[in-house]
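All values below were derived from every heavy atom in this structure, side-chain atoms included, with hydrogens, water molecules and symmetry-related copies excluded.
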Amino acid sequence: MEELIDREVSRKVSILGSVLPFLKPYKKQIFGALCALVLTSMVTLMFGQGLRLLIDQGFSQDSAGLLGEAILVFVGLTLLLAMGAFVRFYLVTSVGERAAADIRNQVFAHVVRLHPGFFDENLASEIQSRITTDTTLVQTVVGSSASLALRNTFILVGGVVLMLVSSLKLSLMVLVAAPVAIGSILLFGRRVRGLSRDSQTGLAQVGTQVSESLSNIKVVQASRREALDSRRFAKKVQAALDIALLRVRVRAFLIALVMLVVFGAFALMLWVGGQDVIMGETTAGELAAFVFYAFMVAGSVGAISEVLTELQRAAGAMERLLELLASEPEIKDPVHPKVLTSSGKVRISVHHLNFRYATRPDVEVLRELSFEVQPGEQIAIVGPSGAGKSTLFDLLLRFYDPCAGCIRIDGVDIRELSLSGLRAHIALVPQMPVLFTGSIAENIAYVRPGAKFEEVHAAAQAAHVTAFADTLPDGLDTQVGEGGTQLSGGQRQRVAVARAMLKRPSLLLLDEATSALDAESEYFVQQALSRLTESCTSMVIAHRLATVRDAKRILLFESGELLDSGSHFELSSRSELYARLARLQFRQAA
């Protein structure tokens, strides 16, 4: 639980009521767990009376028969307690695990449908922490803390009642000492939790430097930073160590103080009770039973105080999870979506398009952008960085909606289409291809999970993936590693092209899809793309003008505006910006 200490707490414990809908499917298990909880609590309290009988009748009366009966009662209670504890623990823990799994599934299913703009303002690492760490906190409460709180509350109430019945005088002594112990736990416990958060922060800084230095080890060593980074690391480790040692000292003092108060009170209670036994005012068994109940009450108080802290942490976790579930996607399906009837080449119409990112409302990324792409046409989009080329692709895929204007496919505004229906017709090959953990074949089939292996193999062959996959021991079943780290940049790009070919799109979006390929691979992939673009409309973002030199139509972007369009030679002759870009690039190439 140490890694969970750093999460913020909330005093709105009532918010945990939001967990109840996730518990409804498991009402039978919860009822069984409650029955087992009541049973084990009652059996635990009955041990005190069993102890009284054992001492007063088994030991004091020198009767072997009574002693045997008392031992049998103890054995029976122990077996009953063990069975009840098994049932309670299994049912409660399993319900907690299932509820946490349901919460994770619901949160992830909701988050994965939020528009990409949501992730511009919310860190993916924080969302990941909510889905993993925060749901674990909620699971801990449902799977153990709530059960412990109920059990210890039951034992606390029952123990106090039995103490009062056994001896009012001794009960008053215990009740006087209890506030001192509880106050110490609350006062120093808050200090320990504060130091624990500081310790976790220090350890996080240590982990950050380890990650940065080791993931960039070549830069560290090339810059001769080994010694300096080691000294910086040692300072952070020492700072974290100082806080950890202070936390240990405070916690040790808290433990010693509580033990002093509790056992001091018990010593006084035993002295007074012992005097009563000597004077014949009570029996040794009754005193032993009282001591047993006092220990149970003290343990329950300590457990409940710990559970309250866990409940506050879990309440904070539930608040963060509910925030995610309450987040509404800005990009939604229309109430009555239209359907694209075309399954082949489509017409793209862009009318007076204007766009600003929510995170940069003062920057107009696209301004009065208008053009058309005819069915089956292949156009190239060029321009300096920040011209709005990739943003146009984002709008075509409806990751964002324009601030003004519209985009139409075959005369239908894309906002009138369902997101799934729109994206089913579009394939995107980004400049930096994304691969997921799995095999090469699984990554190609990512866009069509039900594709046959023959189709996947054909796409891999057309995109020149088999040229390197056939040299690997497992062929297309070779694992690519996390993020595709087992493949080179060019190999990853070929897999991305094969993925687009398998989709058979009506509109193909290429963001410099051959930039990371060597000359031979680029030739083969260009041949594959040529075959693919024959059956669809295509738009190519080109950072290297050489790749679109032979394009029939090139759109020149600058600062979010369409400056001009035409062939390479037409733009070279009449556009100063295009001519300058061409001179710089072709001079560098020469």
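One N or O on the side chain of Ser573 and one on the backbone of Glu570 form a donor-acceptor pair closer than 3.5 Å. A donor-acceptor pair is defined here as one N or O able to donate and one able to accept, closer than 3.5 Å; such a pair exists between the side chain of Asn354 and the backbone of Glu368. Of the possible donor and acceptor atoms, none in the side chain of Lys503 sits under 3.5 Å from a partner among the backbone N and O of Ala498. When atom types are taken as modelled, the side chain of Asp413 and the backbone of Arg408 share no donor-acceptor pair closer than 3.5 angstrom. Although no hydrogens or angles enter the test, the distance criterion places no donor-acceptor pair under 3.5 Å between the side chain of Lys389 and the main chain of Val382. Between the side chain of Gln491 and the main chain of Ser488, a donor-acceptor pair closer than 3.5 Å is present. With hydrogens and angles ignored, the 3.5 Å screen pairs no side-chain donor or acceptor of Ser575 with any backbone N or O of Ser572. Checked by atom type and distance alone, the side chain of Arg347 never pairs as donor or acceptor with a backbone atom of Ile409 at under 3.5 Å. Under the 3.5 Å distance criterion, the side-chain polar atoms of His110 are matched with a main-chain donor or acceptor of Ser327. Under the 3.5 Å distance criterion, the side-chain polar atoms of Glu561 are left unmatched by any main-chain donor or acceptor of Glu558.
Judged by distance alone, the side chains of Gln238 and Asp242 do bring a donor and an acceptor atom under 3.5 Å apart. Counted by atom type alone, Ser418 and Arg398 present zero donor-acceptor pairs between their side chains at under 3.5 Å. Side-chain contact of Thr135 with Arg104: a donor-acceptor pair under 3.5 Å is present, judged by distance alone.
Two residues are said to be in side-chain contact when any heavy atoms from C-beta on lie closer than 4.5 Å; Gln106 and Leu325 meet this criterion. Gln378 is not listed as a side-chain neighbour of Thr537, based on a closest heavy-atom distance of 4.5 Å or more. Taking the side chain as every heavy atom from C-beta outward, Asp511 and Ser390 approach each other to under 4.5 Å. Counting only heavy atoms from C-beta outward, the side chains of Met539 and Leu507 approach each other to under 4.5 Å. Looking at heavy atoms from C-beta onward, Asp401 lies out of side-chain contact with Glu330 at the 4.5 angstrom threshold. Considering only heavy atoms from C-beta on, Leu509 comes within 4.5 Å of Leu397 through its side chain. In this structure the side chain of Phe118 reaches within 4.5 angstrom of the side chain of Ile127, judged on heavy atoms. For the pair Phe557 and Leu392, the minimum side-chain heavy-atom distance is below 4.5 Å.
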Original post:
Stepwise, does the side chain to side chain contact (heavy atoms under 4.5 Å, CB included) test hold for Ile541 with Phe393?
Top reply: CA-CA 9 Å; Ile541 292 177; Phe393 278 15; 3.5 Å; yes
**OP:** Show your reasoning for whether salt bridge (Lys or Arg N to Asp or Glu O under 4.0 Å) applies to Glu226 and Arg231.
**Re:** CA-CA 9 Å; Glu226 299 95 330; Arg231 288 195 293 272; over 6 Å; no
**OP:** Evaluate the side chain to side chain contact (heavy atoms under 4.5 Å, CB included) criterion for residues Leu321 and Ile103: first the C-alpha distance (whole Å), next the side-chain angles of each, then the deciding distance (0.1 Å), finally the verdict.
**Re:** CA-CA 9 Å; Leu321 290 169; Ile103 293 172; 4.0 Å; yes
**OP:** Check step by step if side chain to side chain contact (heavy atoms under 4.5 Å, CB included) holds for Leu577 and Leu556.
**Re:** CA-CA 9 Å; Leu577 171 62; Leu556 177 62; 4.1 Å; yes
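The local environment of CZ in Phe108 is sparse, with at most 12 non-hydrogen atoms from other residues, nucleotides or ligands closer than 6.0 Å. Heavy-atom neighbours of Gln128 CD from other residues, nucleotides or ligands within 6.0 Å: at or below the threshold of 12. For CZ of Arg98, the number of neighbouring non-hydrogen atoms (other residues, nucleotides, ligands) closer than 6.0 Å is 12 at most. Applying the 6.0 Å contact sphere to CD of Gln374 captures more than 12 heavy atoms from other residues, nucleotides or ligands. The 12-atom threshold is exceeded at CZ of Phe371, counting heavy atoms of other residues, nucleotides or ligands nearer than 6.0 Å.
Taking the ring centroids of Tyr400 and Tyr357, they lie under the 6.0 Å cut-off.
Remark: Ser18 OG to Met318 CE distance equals 5.0 Å, nearest 0.5 Å. Taking CD1 from Ile414 and NZ from Lys338, the interatomic distance works out to 13.5 Å, rounded to the nearest 0.5 Å. Note that CD1 of Ile440 is 5.5 Å distant from CG of Leu472, once rounded to the nearest 0.5 Å. Annotation: the span from Arg356 atom CZ to Leu366 atom CG amounts to 11.0 Å, rounded to 0.5 Å. The distance from the OG1 atom of Thr485 to the CD atom of Gln479 is 11.0 Å, given to the nearest 0.5 Å. A distance of 7.0 Å separates CG in Asp470 from CG in Leu476, rounded to the nearest 0.5 Å.
Of all non-hydrogen atoms in Thr136 and Thr132, the two that sit nearest each other are OG1-O, 2.8 Å.
Aromatic ring orientation, Tyr446 versus Phe436: parallel (interplanar angle below 30°, classes split at 30° and 60°).
The existence of a salt bridge linking Lys345 and Glu377 is excluded, since no basic side-chain nitrogen approaches an acidic carboxylate oxygen closer than 4.0 Å. Checked for salt-bridge contact, Asp564 and Arg574 meet the test: a charged N lies under 4.0 Å from a carboxylate O. Taking a cutoff of 4.0 Å between a charged side-chain nitrogen and a carboxylate oxygen, Glu323 and Arg320 do not qualify as a salt bridge. A salt bridge between Arg499 and Glu442 is absent, with no side-chain N of the basic residue lying under 4.0 Å from a carboxylate O of the acidic one.
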